[in-house]
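Have a look at the structure below, then the notes.
A note on names: the letters A, B, ... follow the listed sequences, proteins ahead of strands, and every chain is numbered from 1.
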Amino acid sequence: MTDQRTIDPSTLPKHFDAPAAEQRWDETWQERGLYHYDPSRPREETFVVDTPPPTVSGSLHVGHVFSYTHTDLVVRYQRMTGKNIFYPMGWDDNGLPTERRVQNYYHIRCDPSLPYEEGLTFEAASAKVRKKRPRLVSRPNFVEACQQLTREDEKAFLALWRRLGVSVDWRQEYATIDDHCREIAQRSFLDLHQKGMLYNSDAPTLWDVDFQTAVAQAELEDRELDSTFNDVAFGVEGSDEEFVISTTRPELLPACVGVACHPEDERYAHLVGKRAVTPLFRVPVPIFTSDLVEKDKGTGILMICTFGDQTDVIWWREQKLALRQIIGLKGRLLPVSYGTEGWESLNADAANEAYAALEGLRPVQAREKVLELLGEASAAATGSEVPLRAQKKIKHAVKFFEKGDRPLELVPTRQWFCRLLDRKQDLLNKGDEIKWHPDFMGHRYRVWTENLGLDWCISRQRYFGVSFPVWYALNGEGQPNYDEPLLAGVDTLPVDPTVTPPAGYEESQRGQPNGFMAETDVFDTWFTSSMTPQISSHWQMNGERHKALFPADIRPQSHEIIRTWAFYTIAKAMAHEDVVPWKHVLISGWILDPDRKKMSKSKGNVIVPTELLDKYTSDGVRYWTANARLGVDTAFDEKMLSMGKRLVTKLFNASKFVLAQEGPVKPITNELDRGFCHELLAVVKEATASYEEFEFSPALRATESFFWARFTDSYLELIKARARNEEDPEGRGSAIAALRLGLQVLLRLFAPVLPYITEEVWSWIFAEETGQASIHGAAWPSETDFAAVEAPADPGGFGIAVSALTAINRAKTSAGVGVGRGIVTMVLHARQADHDRLAPVLGDVLAAGRVQAHTLQANEELAEGEFELSDVEIAPKPPKPPKPAKG
RNA sequence: GGGCGCGUAACUCAGUUGGUUAGAGUGCCACCUUCACACGGUGGAAGUCACAGGUUCGAGUCCUGUCGCGCCCACCA
């Protein structure tokens, strides 16, 4: 019989040195390849994560820490259950935010007409350089600049993830602009095109005048704006009659192409079929009815302009109205000429004169000008002709690009679309096949899908993105044939059509009659990021790997991108292979500031993650995030972070105590020890069930409350004496064995949340003892750990002991002494049944309470499990032990 | 306008399928140098479970309505 291996606490630091441990263990884990995916193991044993690729051009914020830790908690649990983990990391670097940042940082602009310049380098622009005009560079050069800067940004993210202990397999790293991702995205395009799901068309499209690009429905955002209903009088052709419409966009008056009222509106019924005449521009336009008109909004009759809103587009199409586009791609009023075809007017000269004052203005400026003109006309007129009648202030929702600063306009442009509207029901069905956590988040997906109004506009007029693998043949006049685009061959991907000519053409034919031209648009960034599961699985490129990694097990993400990232990923997986891309979606909530407002840079309430880690350590921060349930927003609360740090310290100290107890190796036979193990097993089961549902928070709660209340505060106190009692080797060995089992199991229960402290303690003795070098490679606790421990005779025996000890502590506290003080004598009252239950563990209770003599007394009036003391004689304070001589 | 979520102690939050006296941590009060830990321990006070009805032997939990907060969605006249 050998003694247990122990540690010498005096060789350990007084406090856990978290920063040193974080660095040391992270390096060790990377070196050992602890997080590596093993492609040789079958799919059933594999747990695949579709990690969100963070936008690297954005700064790090506490929300990143929050949601990525949530994923890591789930992953670390799964790893401990023996799963082969596939946990990649991508960087989402293509897209507008990156472009904006690169333009500012290097002070450059992209001019796609320029040729590529070999060996062009970029440096951060000085203040002096910034005063000059930005340097114009070719698209490939601009893309290089973007790649250069994003690589820098990625380093900061990587450092944060490493320190946070996010257990990613860094060999599975990708960037959404790298060749691999570009190839996957272009393959996706070709596959969808081949399946007839793509089309390009020249039609009114939501257009951001600042970014100068089309945007998709999913990127819209409503913003409440102050506006004004302006009452404007319209004439009726061939009559003196007038009617009044209310408009918030008088600047579109020159683009008016129709007037509509509700079919059951008697006020205007006599006008239907006649033509209205617009004020100022004297344009005759048809008056028709539509159910879409609300009788009690404004004056109940309205003007249709090309284009004020999406309803205008509907009417314009249905009624085959004229196209009078006055707002250009740059958001200014275009030059137009009344009296020409499509720009009919009863008085072209007056119309052109009025419009001359508007040309070149922005919509807001033009609005004022039109009102001014209407006012002048009103003043000049006599009698009944009062074009501008009244104004009414209102607030209304206006559509913005979510990243934009000015309202979107509807401008006819040629764009590529992916069909969605004809597949709504299939999309809804696919959504139902996925398990959403929490499940009400699936509702968001459903609502969004049901309300889809537009096909997905996948083309963007930007530069730093994935190119369309598309050219257009030019005819003899140099006009492109958009109906039969020239597509790249799959074996030529990834391809940049602005650099490479299509098959069958020479580069010299670019832009020439009978030659070709490249599609210069790039994909919507979601077109690429909607392929993250396939990017990881090497779809179409490695069939075996794809089979092993697709569909994924989990997709963690936040709720504001359900309509984009989750939606498009589902749409793509369905279109390509008619499957769902993952089994589960895990939605993390947001971090709110202490006032429960969303944190944002503009509010200045953003918390820098690295500062948080410095102050509260990685484990402390992870503890805080682990306390939030999925889908629930969390107010930032420094106290929770302190609690995490406190837990780490307690674990460190309790571990020191447990592993310093010397004694013989013996089986766990003592009734109290068995009772303790029995309760711990229940916690193991609870935590396991919770993690199986991806709910880390209840698991942590159960583990933590057991650790504090049952392990450190109670069990450790109850067995202290026995663990050192040399006259009772069986009891002593049982106590030490149970202590170690308890600690070992608790460490593993804590391991997903607190990877550093648990690994540190594990390394002292357990690593060698179990043959498992890392706790993160150890098995998740289960019944197996307790197989050698017999069930206690009384399952509640441990609880009884704790109650009795609490009664003793209460007596000491009310006597004003510490719990360390002895009791000379006391009478312990309880129901007879409870005395009987207490008997097997009474020795430990009396020792922990330092009770020298006692009498038991039955008292059936007490509640079940309740203990009371009377006739307590507190021991006198022991004399201070002599101070050890110095030196 | 429609929908989803939330409202429990001063604060942050738990509370399984309805079931004894509603819990935890923080904070607060009192006490304790204690031999793993003062980054500690012991004990205590503190709640009209937003409000109003209803179902039930029994409601924080189920139903209806109201109020408040947050979010999502909706054709901007």
Side-chain angles (χ1 to χ4, degrees), chain A residues 9 12 14-16 222-223 225 227 229-230 245-249 252 259-260 292-294 297-305 307-315 394 396-400 407-408 410 438 440-441 443-448 450-451 453 559-560 562-563 589-590 592 594 596-598 627-629 631-640 642-643 645-661 686 689 697-698 701-702 704-705 708-709 712-713 716-717 720 724 806 808-821 850 863-864 880-881:
Chain A
L12 292 170
K14 189 151 171 59
H15 299 300
F16 176 50
D222 279 357
R223 294 187 200 161
L225 287 191
S227 189
F229 258 135
N230 300 282
I245 63 117
S246 267
T247 177
T248 57
R249 297 203 65 182
L252 293 177
V259 164
L292 296 175
V293 180
E294 287 174 46
K297 195 162 178 181
T299 56
I301 189 162
L302 56 85
M303 66 172 181
I304 291 99
C305 304
F307 294 94
D309 61 35
Q310 296 201 52
T311 335
D312 282 349
V313 179
I314 295 172
W315 285 317
I394 56 156
H396 68 166
V398 179
K399 292 221 179 303
F400 281 72
L408 290 168
L410 282 153
F440 67 78
M441 288 297 178
H443 187 81
R444 296 249 181 121
Y445 172 84
R446 220 167 297 128
V447 167
W448 172 255
E450 281 166 358
N451 285 316
H559 46 75
E560 83 272 20
I562 289 175
R563 69 176 182 175
W590 281 335
L592 307 174
R596 299 206 69 83
K597 295 275 182 292
K598 192 185 173 186
N627 263 289
R629 283 176 311 149
V632 176
D633 295 344
T634 300
F636 181 75
D637 184 2
E638 295 230 18
K639 293 201 183 95
M640 288 299 280
S642 307
M643 283 170 62
K645 212 175 161 185
R646 198 177 138 234
L647 173 62
V648 169
T649 304
K650 193 75 173 178
L651 258 172
F652 183 71
N653 286 314
S655 302
K656 272 200 286 195
F657 169 76
V658 169
L659 295 177
Q661 301 306 309
E686 190 183 343
S697 158
R701 216 173 280 275
E704 191 194 5
S705 68
W708 284 102
T712 66
D713 291 351
L716 260 47
E717 297 304 325
K720 259 178 190 169
R724 291 167 184 149
T806 301
I808 293 169
N809 286 337
R810 195 181 296 123
K812 290 180 186 173
T813 297
S814 65
V817 301
V819 290
R821 193 74 75 85
R850 286 153 222 225
E864 194 184 325
K880 278 187 184 171

Checklist entry - Please give, in whole Å, the distance from rU21(B) C1' to Glu864(A) CD? => result 15 Å

Checklist entry - How is Leu716(A) classified with respect to the nucleic acid when contacts are heavy atoms under 4.0 Å: base, sugar-phosphate, or nothing? => result base

Checklist entry - At their closest point, which heavy atom of Gly308(A) faces which heavy atom of Leu252(A), and how far apart are they? => result CA-CD1, 3.5 Å

Checklist entry - Can you tell me how far C1' of rG41(B) sits from CD of Glu717(A), to the nearest Å? => result 8 Å

Checklist entry - Given that both distances must come in under 3.5 Å, which nucleotide forms a Watson-Crick or G-U wobble pair with rA22(B)? => result none

Next on the checklist: Using a 4.0 Å heavy-atom cut-off, does Val293(A) contact any base of the nucleic acid, only the sugar-phosphate backbone, or nothing at all?
Outcome noted: base

Next on the checklist: Mind checking if Gly816(A) touches a base, just sugar-phosphate, or nothing, with heavy atoms under 4.0 Å?
Outcome noted: sugar-phosphate

Next on the checklist: Among rU26(B), rC37(B), rG25(B), which nucleotide has an atom closest to any side-chain atom of Lys639(A)?
Outcome noted: rU26(B)

Item to check | Protein-nucleotide distance (Met643(A), atom CE; rG25(B), atom P), rounded to Å | outcome: 8 Å

Checklist entry - Expressed in whole Å, how much space separates the P atoms belonging to rC28(B) and rA36(B)? => result 28 Å

Next on the checklist: In this structure, how many angstroms lie between the C1' atom of rA24(B) and the CD atom of Glu686(A), rounded?
Outcome noted: 13 Å

Checklist entry - Which residue lies toward the 5' end of RNA chain B, Asn627(A) or Ser655(A), if each is placed at its nearest nucleotide? => result Asn627(A)

Checklist entry - CZ of Arg821(A) versus P of rU42(B): gap in Å, rounded? => result 18 Å

Checklist entry - Base, sugar-phosphate, or nothing for Lys720(A), non-hydrogen atoms under 4.0 angstrom? => result base

Checklist outcome for this item: Partner of rU55(B) under the Watson-Crick or G-U wobble criteria, both distances under 3.5 Å, comes out as none

Checklist entry - Looking at the side chain of His443(A), which of rC4(B), rC76(B), rA14(B) is the nearest nucleotide? => result rC4(B)

Checklist entry - Which part of the nucleic acid does Phe652(A) contact within heavy-atom distance under 4.0 Å: base, sugar-phosphate only, or nothing? => result nothing

Checklist entry - Are the side chains of Trp448(A) and Arg444(A) in touch, meaning some heavy atoms are under 4.5 Å apart? => result no

Checklist entry - Which whole number of Å gives the distance between the P atom of rU21(B) and that of rC67(B)? => result 34 Å

Checklist entry - Is any side-chain N or O of Lys399(A) closer than 4.0 Å to OP1 or OP2 of rC75(B)? => result yes

Checklist outcome for this item: Ranking rA14(B), rA36(B), rU34(B) by distance to the side chain of Arg701(A), first place goes to rA14(B)

Checklist entry - Is the Lys NZ or Arg CZ of Lys656(A) less than 6.0 Å from the centre of Phe16(A)'s six-membered ring, within 45° of the axis? => result no

Checklist entry - Within a strict 4.5 Å, meaning less than it, do heavy atoms of the Arg629(A) and Thr634(A) side chains meet? => result no

Checklist entry - What interatomic distance, in whole Å, is found between C1' of rA24(B) and the corresponding atom of rA59(B)? => result 23 Å

Checklist outcome for this item: When both distances are under 3.5 Å in a Watson-Crick or G-U wobble arrangement, the nucleotide paired with rC71(B) is rG3(B)

Checklist entry - Watson-Crick or G-U wobble partner for rG40(B), using a 3.5 Å limit on both distances? => result rC32(B)

Next on the checklist: Is there a side-chain contact between Arg810(A) and the phosphate of rC31(B), meaning an N or O under 4.0 Å from OP1 or OP2?
Outcome noted: no

Next on the checklist: Do Phe657(A) and Leu716(A) make a side-chain contact, defined as non-hydrogen atoms from C-beta onward lying under 4.5 Å apart?
Outcome noted: yes

Checklist entry - So what does Ser697(A) touch, heavy atoms closer than 4.0 Å: a base, only the sugar-phosphate, or nothing? => result nothing

Next on the checklist: On the side chain of Lys650(A), is there an atom forming a donor-acceptor pair with the base of rC37(B) - under 3.5 Å, no angle test?
Outcome noted: yes

Next on the checklist: Can you identify which nucleotide, out of rC75(B), rG41(B), rC71(B), has its nearest atom closest to the Trp590(A) side chain?
Outcome noted: rC71(B)

Checklist entry - Below 4.5 Å, heavy atoms only, C-beta onward: do Leu292(A) and Ile314(A) meet side chain to side chain? => result yes

Next on the checklist: Using side-chain heavy atoms (C-beta onward) and a distance below 4.5 Å, is His559(A) in contact with Asp633(A)?
Outcome noted: yes

Checklist entry - Counting only side-chain N and O atoms of Lys14(A), is one of them less than 4.0 Å from OP1 or OP2 of rG40(B)? => result no

Checklist entry - What's the CG-C1' distance between Asn653(A) and rA36(B), to the nearest Å? => result 5 Å

Next on the checklist: For rA14(B) and Arg629(A) - does any side-chain N or O of the residue sit under 4.0 Å from the phosphate oxygens OP1/OP2?
Outcome noted: yes

Item to check | Between rG25(B) and rU66(B) - P atom distance, rounded Å | outcome: 39 Å

Checklist entry - So, do Thr247(A) and Phe229(A) sit near enough that their side-chain heavy atoms are less than 4.5 Å apart? => result no

Checklist entry - Checking all strands, does Glu704(A) fall into the base, sugar-phosphate, or nothing category for heavy-atom contacts under 4.0 angstrom? => result nothing

Next on the checklist: If the cut-off is 4.0 Å, is Arg223(A) near the phosphate of rC76(B), judged by side-chain N/O to OP1 or OP2?
Outcome noted: no

Next on the checklist: At 4.0 Å (heavy atoms only), tell me whether Ser246(A) reaches a base, stays on the sugar-phosphate, or touches nothing.
Outcome noted: sugar-phosphate

Checklist entry - What nucleic acid atoms does Lys297(A) come within less than 4.0 Å of, heavy atoms only: base, sugar-phosphate, or nothing? => result base

Checklist entry - Considering only the P atoms, how many Å lie between rA9(B) and rA14(B), rounded to the nearest integer? => result 13 Å

Checklist entry - Do the side-chain N or O atoms of Arg646(A) get closer than 4.0 angstrom to the phosphate oxygens (OP1, OP2) of rU26(B)? => result yes

Checklist outcome for this item: Of the listed rC76(B), rG43(B), rA36(B), the closest approach to the Arg724(A) side chain comes from rA36(B)

Checklist entry - Which value, in whole Å, describes the distance between the C1' atoms of nucleotides rC69(B) and rU55(B)? => result 29 Å

Checklist entry - So what does Arg249(A) hit on the nucleic acid, given a heavy-atom distance under 4.0 Å: a base, only sugar-phosphate, or nothing? => result nothing

Next on the checklist: So Gln661(A), base contact, sugar-phosphate only, or nothing? Heavy-atom distance under 4.0 Å.
Outcome noted: nothing

Checklist entry - In the strands shown, is rU17(B) matched to any nucleotide by a Watson-Crick or G-U wobble pair with both distances under 3.5 Å, and which? => result none

Next on the checklist: I'd like the P distance from rU33(B) over to rU48(B), given in whole Å.
Outcome noted: 37 Å

Checklist outcome for this item: Across every strand shown, the nucleotide meeting Watson-Crick or G-U wobble geometry with rG47(B) (both distances under 3.5 Å) is none

Checklist outcome for this item: Per atom distances to the Asp309(A) side chain, the nearest of rA36(B), rC73(B), rC76(B) is rC76(B)

Checklist outcome for this item: On RNA chain B, more 5' by nearest nucleotide between Met441(A) and Thr813(A) is Met441(A)

Checklist entry - Side chain of Phe657(A): nearest nucleotide among rG43(B), rC73(B), rA36(B)? => result rA36(B)

Item to check | P spacing across the pair rU8(B) / rG3(B), given as an integer number of angstrom | outcome: 24 Å

Checklist entry - Reckon Asp312(A) touches a base, only the sugar-phosphate, or nothing at all at heavy-atom distances under 4.0 Å? => result nothing

Item to check | Nearest-Å distance for atom pair NZ/P, residues Lys812(A) and rA30(B) | outcome: 23 Å

Checklist entry - Using a cut-off of 4.0 Å on non-hydrogen atoms, how would the nucleic acid contact of His15(A) be classed: base, sugar-phosphate, or nothing? => result base

Checklist entry - Got Val817(A) and Lys812(A) here, is their nearest side-chain heavy-atom distance under 4.5 Å? => result yes

Checklist outcome for this item: Rounded to whole Å, CD of Glu638(A) lies from C1' of rC11(B) at a distance of 14 Å

